[in-house]
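Indexing begins at 1, ligand by ligand and atom by atom, following the structure's order.
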Amino acid sequence: MQDILPAQKAIHRHIEEVARSVLAGYGYQEIGLPVLEQTQLFKRLVGENTDIVEKEMYTFDDRNGDSLTMRPEGTAGCARFGEENGLLFNQVQRLWYIGPMFRYERPQKGRYRQFDQIGAECFGMAGPDIDAELLLMNARLWRDLGLIEDVRLELNSIGTSESRGAYREKLVAYLEKYRDDLDEDSQRRLSTNPMRILDSKSEITQAILVDAPSIADSLDNESKQHFEDLCQMLDDSGLAYEVNTNIVRGLDYYNRTVFEWITDTLGAQGTVCGGGRYDGLVEQMGGRGSPGVGFAMGLDRLALMLAEKIESSGVADVYVVSQGAEARRVAMQVAEEVRDGVRGLRVQMHCGDGKFKAQLKKADASGARLALVLGEEEVANSSVSVKMLRESGDQISCSRDKLVSYCRDYFHEGD
Ligand code: ATP
Ligand code: MG
């Protein structure tokens, strides 16, 4: 499980802030979900034969002997949340959450055992309009993050569980002919979860799949219509996408629309966001049915994409330096006065001794635009020397009682 360093965390925070505002713009409400759920929830909803349940969950017995699992994904828990809180039946909900997910995987760039997701789930809407809205919202987020040029949308429909059953048989019948040539994982999946083979990274398997039957030919009429309508809405909105009939998603609960946002900038870990429709999920959980659709995006991968684009804004706007015990005491008060007087301003005080020159070097490294300098002279005449760190100009002297309004003007000019 990775440690997240300050620079990385700042990017996570930035993504969260942008996402928060985009989600609010579409009427989504944030909820808080627990990190632990009953193991049974994931086994039943995500599916016994999925990668997640087969080999990626952190599962343990608690002191009471109940089997709990650190959530590997958010949709199952969100459906449970909706059901237990009476938010689903005959209601429309647009919900979102943020937090860590846990999967026992081989750690590498863009793949960690603890990673952050923002997920959104919509309940009570069966039509393609909400699918389209969700994708438009995703696109707006990529635009606001400055990533729209780096991602593409791949879209598919996997129909209903019945039509998928018919397709599965055709696929298995085709693949059986090449069983010995398939990669090991795919051979195993032939009997457990054959559609997952479409996802295989093996080149040989992919070559075999070129002539395999396509799921598009097995769709039931309603699913076909739903998908056509969705595509039409995206066309109307000018949102580019590519239909990729090999996208099946790894989880059992999906039906009809499935999609992935993919980037080519992160190597093998190219999927930054994935989701789809799960109309049977609530009923499968034992609730009265409610259609659903949602997505989850990985903050860690988005952060890797943004790392090269975002310039660090440092840790401070104002850096306070002082020399001598008395000046230090005054400096401490001055720093508090400025924090009191200018909301949100980041004021860092130099703690400890040091020559002015050395302290100003630290001031420069902090990213601050102003250094406030206090020495014997300033203390004696109740003033503060103000040094511009990012523009030329002489150091100026400011009386202490005018300092707050000086800083306010300096940082909020042009607001
Ligand atoms: P992959 O095919 O890369 O394993 P996935 O299909 O397992 O992805 P989802 O379950 O759809 O992923 O999760 C949604 C998003 O969460 C992914 O698109 C990705 O951005 C992120 N994600 C999933 N697993 C990890 C992980 N182990 N580390 C970091 N991010 C992850
Ligand atoms: Mg995975």
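An N or O contact shorter than 3.5 Å links Thr271 to ligand 1 by distance. The shortest N/O to N/O separation between Glu260 and ligand 1 does not fall below 3.5 Å.
Using a 4.5 Å heavy-atom cutoff, the side chains of Leu370 and Asp317 are not in contact.
Ala19 meets the side chain to side chain contact (heavy atoms under 4.5 Å, CB included) test with Leu23, Ile118, Leu141, Met297; sequence neighbours excluded. Tyr178 pairs by the ring-ring contact (aromatic ring centres under 6.0 Å, His included) definition with Tyr174, not counting sequence neighbours.
Taking a cut-off of under 4.0 Å to the non-hydrogen atoms of Cys273, the atoms of ligand 1 that pass are 18 (O).
Proximity of Arg249 to ligand 1 is established by a heavy-atom distance of less than 4.0 Å. For Gln269, the heavy-atom gap to ligand 1 stays at 4.0 angstrom or more.
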Practice item. I would like to know whether Gln269 and Asp300 meet side-chain contact (heavy atoms from CB on, under 4.5 Å); could you show each step before the answer? Key: CA-CA 11 Å; Gln269 273 57 253; Asp300 305 83; over 6 Å; no
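Looking at Arg301, Glu73, Gln117, it is Gln117 that brings a heavy atom closest to atom 13 (O) of ligand 1.
In Glu105, the part holding a heavy atom less than 4.0 Å from any atom of ligand 1 is the side chain.
Taking both residues in full, the closest heavy atoms of Lys9 and Ile4 are given as N-CG2, 3.7 Å, listed atom of the first, atom of the second, then distance.
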